[in-house]
Structure formats: C-alpha cells, structure tokens
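Residue numbers begin at 1 in each chain, while the letters A, B, ... track the order of the sequences.
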Amino acid sequence: MVHALEEAARVLKPNGLLVELRPAPRHRRVWLVTSERSALIGRMHEDLGPDHAADAALARFMTRAQLRARFRRRTVCNRYVDSLKEFREFLEEFEDCRHPTAPHRRLLERVERAWTVAKGRRRIMITGPLQMTVLQKLA
Amino acid sequence: MSYIIDPERQEIRLLRAVTSWRGKHVLEIGSGDGRLARRIASLGARVEGIDPDNSLVRVALRAAPPRFACRLRFRVAQAEHLRYPAETFDIAIFGWSF
C-alpha cells in the first residue's frame, strides 16, 4: 500500500490532490426493504483489521511524504441486491457462510426468514459509512 | 444479476465537495469495472483508470459510454509501478482500493 501511495504522490503535480475513498471501518447493517417499510435485520461481522491497518499506513505515509491533510469526510453508502442468491454472493466476499461457525451464517438465516415472510417487491439493502481522506502535495 | 452500489450518488456528492473536477487530469488507481471513473468523467474530468486485473479492465472498457470516449481511458497496470512521468496528474484517487 505504501509503495502505491508513493507512486501516486510522484505522479501528482505540485498542489495536486490525493483522494482515498473506501468504506469506513464500521460493521455494515443489513435491511430488508419492501414497498411498505424497511426493517433492520442485523449487523455484519466483517474483519475490520485490514481497514484499521490501511488507516495506520496512510497516517504513517503522511508523516514522511510531502503531503498535508486537507480534509476527511464521511457519508452513508448503500448497496442493494435483488435476490438471496446475490446476497449470499456478497457475503462470500468476506467468508464461506456454509461453515457452521461462520459469523455471517446466523445473519444469512435471519435474512432468509425475513425474505420468505415479506410480500411484494423486496430488496436487501446493505448500508455503512463511506470515508474520504484528501491529501495535498506540497508545492 | 442486479447489484447496485450507491444509487443515491452519495459518493459523487462527497467528491464534488473536494474540488471542481472539470478539466482536471485524474488517475484512478484500482479502477475495477470503471464505475467510479465513469462518475468522475461525468463531472468533466479526464480520467485514466488502472487496474491489475485484465478482465476488470475489459469490463470497464466495454461499459465506457461513447460520449466519454475522449476523456476516459483504462489500462492494465500495477499501482506500485506507474508508467507515467512525475507530476502528470492533478488528482490521484484510490477508490475502494485498500
């Protein structure tokens, strides 16, 4: 990561901006959305270690590179899937949910139950904060 | 397959708060399927997206709207070895890369 940041800083013009945008290290929440209401089903249990490591690497990089922090902001970012199959595929980006002790197995079971009971058009919404850090290369 | 990220366009609102993107030369590192690069191009920037995954670069090239043909490019490259001269870009962005 640090090598990539160094290369990005190298190709930036003086006063150029380095923008880092990614989901903030917070557990995402999962909702079932129907035409009538949105119901919170549960919280994900992602491993946030890599996110915290990325934050630390960025902080270390700033201290040694010719960059200064300009600002950091957060916003809410939602993603939607239209079927249980797609939700399973999304969870599999994090782990194999078929494993009996997988942290997301119970969440998946709750979503499946809610999906079965709900009527009409249904969507699964995964929501969590998105964070942006902006650094500026010194002239 | 329907998998939609950020249809409310909060991400682009956040980016608009950074600076005016019109006419800026932007490098997106880890451009993936080009979703964010297309959004940045829609703000008037000239965007070069790089990604180490050849299949994702092909997806990004196919999804690039013809109206952005002159200001949206994608290529396979490693973030650690950029083949650009120093001081080429106004903005470098890591979008969902770390």
J.: What residue in A:Val76, A:Leu130, A:Thr133, A:Leu17 has the most heavy-atom pairs under 4.5 Å with chain B?
T.: A:Leu17
J.: Under 4.5 Å heavy-atom distance to chain A, tell me which part of B:Ile29 shows up: side chain, backbone, both or neither.
T.: side chain
J.: How many angstroms lie between atom CG of A:Leu91 and atom CD1 of A:Ile126, to the nearest 0.5 angstrom?
T.: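 Nearest 0.5 Å value for the CG-CD1 distance: 7.5 Å.
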J.: At a heavy-atom distance under 4.5 Å, which candidate from A:Asn78, A:Asn15, A:Val134, A:Thr75 has the highest pair count against chain B?
T.: A:Asn78
J.: Any idea which of B:Leu15, B:Val26, B:Leu27, B:Ile93 has the most non-hydrogen atom pairs under 4.5 angstrom with chain A?
T.: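 The option with the most such pairs is B:Ile93.
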J.: Run the side chain to side chain donor-acceptor pair (under 3.5 Å) check on B:His81 and A:Glu7 step by step: do they pass?
T.: CA-CA 7 Å; B:His81 306 285; A:Glu7 273 292 88; 5.8 Å; no
J.: With a 3.5 Å distance limit and no angle check, can you tell me whether A:Lys137 reaches the backbone of A:Ala9 through a side-chain donor-acceptor pair?
T.: yes
J.: Is the shortest heavy-atom distance from the side chain of B:Glu11 to the side chain of A:Cys77 under 4.5 Å?
T.: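 Result no, sub-4.5 Å side-chain heavy-atom pair not found.
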J.: Checking heavy atoms, do the side chain of A:Phe87, its backbone, both or neither come under 4.5 Å from chain B?
T.: neither
J.: With chain A as the partner, which of B:Ile5, B:Leu36, B:Val18, B:Thr19 has the greatest number of non-hydrogen pairs under 4.5 Å?
T.: B:Val18
J.: Under 4.5 Å from any heavy atom of chain A, what part of B:Glu80 do you find: side chain, backbone, both or neither?
T.: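 Answer is both: backbone and side chain atoms of B:Glu80 are under 4.5 Å from chain A.
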J.: For the candidates A:His3, A:Gln136, A:Arg10, A:Arg73, which exhibits the highest count of non-hydrogen atom pairs separated by less than 4.5 Å from chain B?
T.: A:Arg10
J.: Taking all atoms of both residues into account, what is the closest heavy-atom pair of A:Ala8 and A:Leu18, and its distance?
T.: CB-CD1, 3.9 Å
J.: How long is the span from the CZ atom in A:Arg74 to the CD atom in B:Gln10, to the nearest 0.5 Å?
T.: 14.5 Å
